[in-house]
Amino acid sequence: MVGSNYVLDNLVDLSVYESDGETLDIALPDLVVLPATTAEVAAVVKLANEYGVPFTPRGAGTGLSGGATTIYGGISLVLTRMTKILELNPEEKLAVVEVGVTNASVSQAALKHKLFYAPDPSSQLASTIGGNIAENAGGPHTLKYGMTSDHILGLKVVTTDGTVTTLGGRSPCRFGPDLLGLFIGSEGTLGVATEACIKLTPIPDSIETLLAYFPLLEEGGQAVSDIVAAGVIPAAMEMLDTVTVKAVEDALHMGLQTNYGALLIVELDGSILSIASQREVVEEVLKKNNAAHVKWAANAEERKQLWKARKSAFSALGRIAPHGYVLDGVIPRSKLAEAITKIRRIGENYKLIVANVYHAGDGNLHPCILYHRDNEDEVKRVMRAAREILETCVEMGGTLSGEHGIGVEKLMDMPLVFSPRAIAYMQELKMAFNPKGLCNPGKVIPTPKSCGESGLRPLLRHRLSANC
Ligand SMILES: Cc1cc2nc3c(=O)[nH]c(=O)nc-3n(C[C@H](O)[C@H](O)[C@H](O)COP(=O)(O)OP(=O)(O)OC[C@H]3O[C@@H](n4cnc5c(N)ncnc54)[C@H](O)[C@@H]3O)c2cc1C
């Protein structure tokens with residue numbers, strides 16, 4: 001169906017697909033299949049149905065919640081050969097793309113029309129539009145431009161029985177039950193998207209980016225909260241703690257200051273006039289919160305360098321420990337400073353190094369717990385600390401995930417935020433789309449047997465989890 005070169009079944013090839021970016025959950029697929037067209041995807045899905053074989057859609061595998069990990073084995077259905085930009089339409093400000101195209105290459109292609117694709121996950125050089133849709137990805141600029149769901153007009157989808165259908169269309173007007181909205185963020189459990197019609201956004205007239213340091217992480221958190229309270233909605237506000245800044249500086253030698261508690265990046269965009277007044281407010285707030293070395297990027301190249309520091313954060317942390325467990329809790333923005341203090345204490349209690357990267361403007365926290373996977377005791381402490389951090393976020397009025405999804409990683413945490421009835425509704429909905437349960441089984445929605453239900457694939461998390 002797809003050509004023999006595009007079916008992988010030897011152990012070495014399969015092991016490349018044993019997990020996504022969340023490496024506490026590892027399970028080999030039985031087969032990796034790389035279709036190149038919607039018709040090929042449909043044919044593979046039909047065949048999987050005929051033989052009752054589970055199949056799990058996969059983009060670039062940069063997910064951070066184990067969404068693309070084949071925890072029941074079966075087929076890893078990899079969409080990365082589907083990279084065509086089928087239409088770029090500056091008049092309608094939209095593009096039609098195959099789902100395997102990377103996020104960044106869509107913006108790159110739209111640049112000649114002074115347009116861009118606004119959702120910008122830090123993984124955008126690698127992650128695919130299909131993966132972004134399935135996870136409802138966000139990014140630094142979500143603060144102003146919204147999540148992926150705000151930028152998708154329509155999808156071509158192979159349903160779980162292999163039928164090709166469309167959800168939404170080319171117009172933002174919708175009526176009736178919002179099936180498109182339901183599909184976005186469903187983490188590959190309701191079918192396989194193969195094409196997407198996406199909105200493109202005009203590149204703003206002017207962009208100004210600043211970098212500032214704070215003696216204390218909490219002061220940075222307070223500044224973020226105060227900027228929004230003062231009526232400014234920056235395009236992005238991102239914060240890194242000392243551990244992360246040191247790792248980035250060691251990796252990139254950019255001349256970052258490593259003796260401060262926090263580094264904050266603030267980006268303003270819009271008309272030149274509106275930016276001038278916002279700049280004044282931001283500078284005032286930063287001063288009030290003890291900011292030091294405040295520096296506005298002088299040109300596009302300097303701005304690119306500032307963003308490089310942010311977007312290299314997670315990879316730079318690999319210098320400290322071979323594994324990093326990136327959490328994705330959300331808290332109300334006004335409680336940022338308090339949350340930061342609590343997370344620091346949890347890390348100390350469990351004797352773990354926790355590096356912190358925040359989409360601070362959204363209250364979306366990415367504490368990254370650094371560890372060695374071979375150290376069983378350390379892994380247990382990592383999982384307990386992670387659970388405690390998520391519980392803290394929920395107790396503070398926040399939630400489990402800002403953008404990385406639930407996957408297999410937070411399956412057992414769902415009852416922290418959803419009632420049994422709400423979870424039952426979700427199961428019923430999933431059954432309506434995925435009645436045989438073959439499409440990405442074991443993800444997102446816990447069932448009574450979820451705890452340790454990984455069939456023959458032993459997930460490290462379930463083996464060691466204190467909660468199971
Ligand atoms: C360094 C780093 C930084 C990151 N930064 C961000 C960030 O700023 N914001 C953010 O939101 N995320 C971020 N992530 C997480 C990740 O990049 C996103 O979740 C991304 O959307 C995943 O895309 P992918 O192509 O890698 O998908 P995969 O990891 O391959 O898959 C993710 C999920 O999507 C499903 N899926 C994939 N393709 C399809 C399809 N065509 N149809 C149906 N389901 C499909 C899979 O089954 C799986 O459940 C980051 C990850 C890394 C490693």
Side-chain angles (χ1 to χ4, degrees), residues 17 19-23 25 29 32 35 38 41 45 54-71 74-83 97-104 119-143 147-149 152 155-160 167 183-196 236 238 307 310-318 324-328 357-359 362 364 366 368 401-409 433-434 439-444:
Y17 299 86
S19 78
D20 61 6
E22 188 272 280
T23 51
D25 299 302
V32 174
T38 299
V41 172
V45 169
F55 55 95
T56 296
R58 183 179 175 107
T62 66
L64 290 171
S65 57
T69 304
T70 49
I71 64 169
I75 298 171
S76 180
L77 191 58
V78 180
L79 285 310
T80 48
R81 288 177 67 215
M82 300 186 64
T83 56
V97 301
E98 289 185 339
V99 289
V101 69
T102 62
N103 173 300
D120 61 336
S122 305
S123 57
Q124 68 187 145
L125 283 176
S127 67
T128 65
I129 292 293
N132 292 175
I133 290 167
E135 295 291 349
N136 193 16
H141 291 82
T142 292
L143 177 59
M147 313 279 292
T148 298
S149 55
I152 303 299
L155 290 177
K156 187 179 276 185
V157 170
V158 174
T159 62
T160 61
L167 304 176
F183 192 93
I184 299 167
S186 61
E187 303 187 27
T189 61
L190 304 185
V192 188
T194 57
E195 280 178 29
E238 300 281 303
W307 280 113
R310 164 62 184 90
K311 299 207 171 186
S312 311
F314 289 129
S315 44
L317 290 170
Y325 182 12
V326 184
L327 303 179
D328 183 36
V357 179
Y358 305 110
H359 295 308
D362 305 316
N364 185 192
H366 292 321
C368 178
S401 173
E403 54 186 21
H404 297 168
I406 299 302
V408 66
E409 177 220 355
F433 283 80
N434 187 6
C439 185
N440 206 2
K443 304 292 169 60
V444 189

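No experiment lies behind these values; they were computed from the predicted model shown. Both counts, for ligands and for their atoms, begin at 1 and track the order of listing.
Under 4.0 Å from ligand 1, the heavy atoms of E135 that appear belong solely to its side chain. With a 4.0 Å heavy-atom cut-off, ligand 1 is reached by the side chain of H359 but not by its N, CA, C or O. By the criterion of a heavy-atom distance under 4.0 Å, neither the backbone nor the side chain of I133 is placed next to ligand 1. Only side-chain heavy atoms of V99 come within less than 4.0 Å of ligand 1; its backbone N, CA, C and O stay farther off.
Of all protein heavy atoms, the one closest to atom 27 (O) of ligand 1 is G131 CA, 3.4 Å. Summary of contacts: the protein heavy atom closest to atom 44 (N) of ligand 1 is G188 CA, 3.3 Å. Nearest protein heavy-atom contact of atom 2 (C) of ligand 1 is S123 CB, 4.0 Å. Atom 31 (O) of ligand 1 has as its closest protein heavy atom A68 CB, 3.9 Å. The single protein non-hydrogen atom nearest to atom 12 (N) of ligand 1 is H404 CD2, 3.5 Å, given as residue, atom name and distance. For atom 6 (C) of ligand 1, the closest heavy atom belonging to the protein is S122 N, 3.7 Å. Scanning the protein for heavy atoms near atom 21 (O) of ligand 1, the closest one is N132 ND2, 2.9 Å. Looking at atom 53 (C) of ligand 1, its nearest protein heavy atom turns out to be T62 O, 3.6 Å.
A heavy-atom separation below 4.0 Å is not found between G21 and ligand 1. A heavy-atom separation below 4.0 Å is not found between S65 and ligand 1.
Under the side-chain hydrogen bond (donor to acceptor under 3.5 Å, both in side chains) criterion, E98 pairs with no residue at all, not counting sequence neighbours. Applying the side-chain hydrogen bond (donor to acceptor under 3.5 Å, both in side chains) criterion to T189, with sequence neighbours excluded, gives no partner residue.
Of the possible donor and acceptor atoms, none in the side chain of E409 sits under 3.5 Å from a partner among the backbone N and O of G66. Side-chain atoms of N440 come within 3.5 Å of backbone N or O of G67 as a donor-acceptor pair. For K443 (side chain) and T69 (main-chain N/O), a donor-acceptor pair under 3.5 Å exists by modelled atom type. Not one N or O on the side chain of E135 forms a donor-acceptor pair closer than 3.5 Å with the backbone of G63. In this structure a side-chain-to-backbone donor-acceptor pair under 3.5 Å is present from D328 to E403.
Some N or O of G67 is nearer than 3.5 Å to an N or O of ligand 1, by distance alone. Where the criterion is an N or O separation shorter than 3.5 Å, residue side chain and backbone included, G59 meets it with respect to ligand 1. For ligand 1, one of its N or O atoms has an N or O atom of E187 under 3.5 Å away. For the pair L79 and ligand 1, the shortest N or O to N or O distance does not fall below 3.5 Å.
Remark: among candidates A193, S401, A134, the nearest residue to atom 45 (C) of ligand 1 is A134, based on non-hydrogen atoms. Considering G324, G138, G405, A313 only, the shortest heavy-atom separation from atom 11 (O) of ligand 1 involves G138.
Ring geometry, H359 versus H366: the interplanar angle exceeds 60°, so the pair is classed perpendicular (tilted spans 30 to 60°).
Residues T148 and N132 have side chains that never bring a donor and an acceptor to within less than 3.5 angstrom of each other.
Listed here is the closest heavy atom pair of G21 and L64: O-CD2, 3.6 Å.
Of the charged side-chain nitrogens involved, at least one lies within less than 4.0 Å of a carboxylate oxygen, so that R310 and E238 count as a salt-bridged pair.
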